[in-house]
Novice: 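Starting off with a structure, shown below.
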Amino acid sequence: RCHPQSSPTNGSAATKKWGATASMKIRRDHEYAHSTDTVYALFTDRKAIRAKQKVLGSRNLRIEECKRNAGGAVVSFVRELPADVPGVLSKFVQPWNTVEQSEQWTCYADGVYQAELDVDIAGVPVTVAGTLELEPRDDGCVNHVRMTIECGIPFIGKTLADFVAKDCKRLIADEYKFISDRLDSA
């Protein structure tokens, strides 16, 4: 168990690595019939991360850091993810892409866990950032997923941001199913 901080501040600005001419936002709320502590443990456990990434279709997974501390956790991993790339985007996105993800988790006194997420898709001119917030409820908890995908390429930027956002939505849905199934089988 971590040593809680005071209540979280909501959201953070996405890093403007590439500049933004197109921006997509993803908002999902995933409900679980389990405590925030239980769900948080799945996001910050090496074995659970490996199992989840396998289900998501990842290959060549490298967990670079996965450490819980008194204030939360730091999780960082690199993997290759497949993409069904339309021809118009083949200059930017490959059939397999190296994706680095870092999560900085903080726990709060009210039972909330919040992660700041940064996702870097090697060689793809988009910025992907967001937050996960595990909020306690009487019957379990809810994970508020908030992601922003930005692309600074004129003309094709919106198409590229749309493609990455669509793939992020698929991965978010698959991750929710994995976590739900894992919790239900426990």
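Residue numbers run from 1 in the order of the sequence given.
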Novice: Decide if atom CG of D184 counts as having more than 12 heavy atoms of other residues, nucleotides or ligands within a radius under 6.0 Å.
Specialist: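 Yes - once you tally the heavy atoms of other residues, nucleotides and ligands closer than 6.0 Å, there are more than 12.
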Novice: How many angstroms lie between atom CD1 of I121 and atom SG of C168, to the nearest 0.5 angstrom?
Specialist: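 It is 6.0 Å, given to the nearest 0.5 Å.
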Novice: List the atom of V39, the atom of C141, and the distance in Å for their closest heavy-atom pair.
Specialist: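 Heavy-atom minimum between the residues: CG2-SG, 3.7 Å.
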Novice: Of the non-hydrogen atoms in V112 and E135, which two are nearest, and what is the gap between them?
Specialist: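 Minimum heavy-atom separation between V112 and E135: CG2-CA, 4.4 Å.
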Novice: Kindly compute the distance separating NE2 (H34) from CG (L134), expressed to the nearest 0.5 Å.
Specialist: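 Answer for the NE2-CG pair, H34 versus L134, is 13.0 Å.
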Novice: Answer yes or no: is there a donor N or O on one side and an acceptor on the other, between the side chain of R146 and the main chain of R28, under 3.5 Å?
Specialist: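 It does hold such a pair.
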Novice: Of the non-hydrogen atoms in C151 and P125, which two are nearest, and what is the gap between them?
Specialist: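 Residues C151 and P125, closest heavy atoms: SG-O, 3.3 Å.
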Novice: About how many Å separate NZ of K52 and CG of L171, when rounded to the nearest 0.5 Å?
Specialist: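 Reported value, rounded in 0.5 Å steps: 10.5 Å.
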Novice: Mind checking whether V78 and F43 sit in one hydrophobic cluster, side chains of I, L, V, M, F, W, Y counted as touching below 4.5 Å?
Specialist: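 Result: no, two separate clusters.
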Novice: How would you list all residue pairs meeting ring pair (Phe, Tyr, Trp, His ring centres under 6.0 Å) that involve residues 157-186, not counting sequence neighbours?
Specialist: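 Passing the test, one end in residues 157-186: H30-Y176, Y32-Y176.
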Novice: Would you please test D162 and K166 for salt bridge (charged side-chain N to carboxylate O under 4.0 Å, His left out) and show each step?
Specialist: CA-CA 6 Å; D162 284 344; K166 180 181 173 188; over 6 Å; no
Novice: Calculate, to the nearest 0.5 Å, the distance between atoms CG and CD1 belonging to D174 and I179 respectively.
Specialist: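 Going from CG on D174 over to CD1 on I179, the span is 11.5 Å.
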Novice: Just by distance, do the side chain of S76 and the backbone of E64 share a donor-acceptor pair under 3.5 Å?
Specialist: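 Flag not set: sc S76 to bb E64 has no pair under 3.5 Å.
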Novice: Side-chain heavy atoms nearer than 4.5 Å, only ILVMFWY residues, links allowed to pass through others: does that put F77 and V74 together?
Specialist: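 The answer is no; the residues belong to distinct hydrophobic clusters.
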Novice: Spell out, yes or no, whether V142 and Y113 are grouped together once hydrophobic residues are joined by side-chain heavy atoms under 4.5 Å, including indirect joins.
Specialist: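 Different hydrophobic clusters.
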Novice: Taking the side chain as every heavy atom from C-beta outward, state whether D110 and P136 have any pair of such atoms under 4.5 Å apart.
Specialist: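 When only atoms from C-beta onward are counted, P136 and D110 do not touch, as no gap falls below 4.5 Å.
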Novice: Mind running side chain to side chain contact (heavy atoms under 4.5 Å, CB included) on Q114 and H144 for me, showing each step along the way?
Specialist: CA-CA 9 Å; Q114 187 178 64; H144 302 287; over 6 Å; no
Novice: Is a side-chain N or O of Y40 found less than 3.5 angstrom from the main chain of S35, in a donor-acceptor match?
Specialist: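 Side chain of Y40 to backbone of S35, a donor-acceptor pair under 3.5 Å: no, none is there.
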Novice: Where do P95 and V85 come nearest, in terms of heavy atoms and distance?
Specialist: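 So the two residues come closest at N-CG2, 4.2 Å.
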Novice: Taking G87's backbone N and O only, do any of them form a donor-acceptor pair with S90's side chain (distance below 3.5 Å, no angle check)?
Specialist: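 Indeed, once roles are kept as given, a pair shorter than 3.5 Å links the two residues.
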Novice: Which residues satisfy the side-chain hydrogen bond (donor to acceptor under 3.5 Å, both in side chains) test with R182, sequence neighbours excluded?
Specialist: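 If we apply the side-chain hydrogen bond (donor to acceptor under 3.5 Å, both in side chains) test to R182, skipping adjacent residues, there are no hits.
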Novice: Using the rule that two of Ile, Leu, Val, Met, Phe, Trp, Tyr join whenever any of their side-chain heavy atoms come within less than 4.5 Å, decide whether I63 and V75 are in one cluster.
Specialist: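 Same cluster: I63 reaches V75 through Ile, Leu, Val, Met, Phe, Trp or Tyr contacts under 4.5 Å.
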Novice: In terms of hydrophobic clustering (I, L, V, M, F, W, Y; side-chain heavy atoms under 4.5 Å; direct or indirect links), are W96 and V124 co-clustered?
Specialist: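 Cluster IDs for W96 and V124 differ.
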Novice: List the atom of M24, the atom of A165, and the distance in Å for their closest heavy-atom pair.
Specialist: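 Looks like CB-CB, 3.9 Å.
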Novice: Working note: N97 + L81, criterion side chain to side chain contact (heavy atoms under 4.5 Å, CB included); need CA distance, chi angles, decisive distance, verdict.
Specialist: CA-CA 5 Å; N97 296 277; L81 283 170; 5.7 Å; no
Novice: When rounded to the nearest 0.5 angstrom, what is the spacing between CG in D37 and CG in L42?
Specialist: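 Between atom CG of D37 and atom CG of L42 there are 11.5 Å.
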Novice: Do you know the tightest heavy-atom contact between T44 and R68?
Specialist: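 Minimum heavy-atom separation between T44 and R68: OG1-NE, 2.9 Å.
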Novice: Going from CZ on F92 to CD1 on I156, what distance comes out if it is rounded to the nearest 0.5 angstrom?
Specialist: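 So the CZ of F92 and the CD1 of I156 are separated by 5.0 Å.
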Novice: Which one of R79, Q53, E80 satisfies the side chain to side chain contact (heavy atoms under 4.5 Å, CB included) criterion with N60?
Specialist: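 Checked R79, Q53, E80 against N60; only one passes side chain to side chain contact (heavy atoms under 4.5 Å, CB included): E80.
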